[in-house]
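Everything on this sheet refers to the single structure shown next.
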Amino acid sequence: QVQLVESGGGLVQAGGSLRLSCAASGFTLDEYAIGWFRQVPGKEREGVSSISSRDISGFGIYYPKSVKGRFTISRDNAKNTVFLQINNLSPTDTAVYYCAAGRFRPDISNYADASLYTFWGQGTQVTVSS
């Protein structure tokens, strides 16, 4: 059974940090691009990071300007897990965070296209208090 399970969300004060995890089962994570998205009620799902599977040029990693410098995505293929480190959290980061997997090569033009990701987790809530 293919499954992605996020964890690590919670309530944190502004300026704090969280490390979200995305654990995969039922498939080999290192064959997939992994994206992190977030969504707040009434708004579209926003792509906040993506990491490609490894190829001869290494990993491709992408962030929107809104989070660059504060968000860091990484993957541990041996553990079949992808992480999202979020530093200097602000109330505007409050959302449900989802990880997703897709068999495509992300680039700057498509990494946040949710339709390219096949498998999705159930989400983990991040709440940042001011």
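Because the structure is a prediction, the values reported are computed rather than measured. Here, residue 1 is the first one in the sequence, and each next residue gets the next number.
- Atoms OH and CG, from Tyr32 and Leu4 in turn, are 10.0 Å apart once rounded to the nearest 0.5 Å.
- One distance of note links OH of Tyr98 with CD of Glu46; it measures 13.5 Å at 0.5 Å rounding.
- The distance from the OG atom of Ser52 to the CD1 atom of Ile61 is 7.5 Å, given to the nearest 0.5 Å.
- Listed for the Glu6 side chain is no donor-acceptor partner under 3.5 Å among the backbone atoms of Thr124.
- Taking 4.5 Å as the limit, every side-chain heavy atom of Leu20 sits out of range of all side-chain heavy atoms of Phe71.
- Looking at heavy atoms from C-beta onward, Tyr63 lies out of side-chain contact with Arg70 at the 4.5 angstrom threshold.
- Atom CG of Asp113 is separated from atom CZ of Phe104 by 7.5 Å, given to the nearest 0.5 angstrom.
- Here the CG-CZ distance, from Asn80 to Arg75, works out to 9.0 Å after rounding to the nearest 0.5 Å.
- A distance of 9.0 Å separates CG in Asn77 from CD1 in Ile34, rounded to the nearest 0.5 Å.
- Annotation: side chain of Leu89 is not in contact with side chain of Gln13 (no heavy-atom distance under 4.5 Å).
- Within the 3.5 Å criterion, the main-chain N or O of Pro106 finds a donor-acceptor partner in the side chain of Tyr62.
- Residues Leu84 and Ser49 have side chains in contact (heavy-atom distance under 4.5 Å, counting atoms from C-beta outward).
- You'll find the ring centres of Phe37 and Trp120 inside the 6.0 Å limit.
- Within a 6.0 Å radius of CZ in Arg105, other residues, nucleotides and ligands contribute more than 12 heavy atoms.
- Looking at heavy atoms from C-beta onward, Arg38 lies in side-chain contact with Val67 at the 4.5 angstrom threshold.
- Ser90 approaches Thr92 most closely through the heavy-atom pair OG-OG1, 2.6 Å.
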Audit row: Asn87, Ser17, side-chain hydrogen bond (donor to acceptor under 3.5 Å, both in side chains) steps and yes/no | CA-CA 4 Å; Asn87 297 328; Ser17 298; 3.0 Å; yes
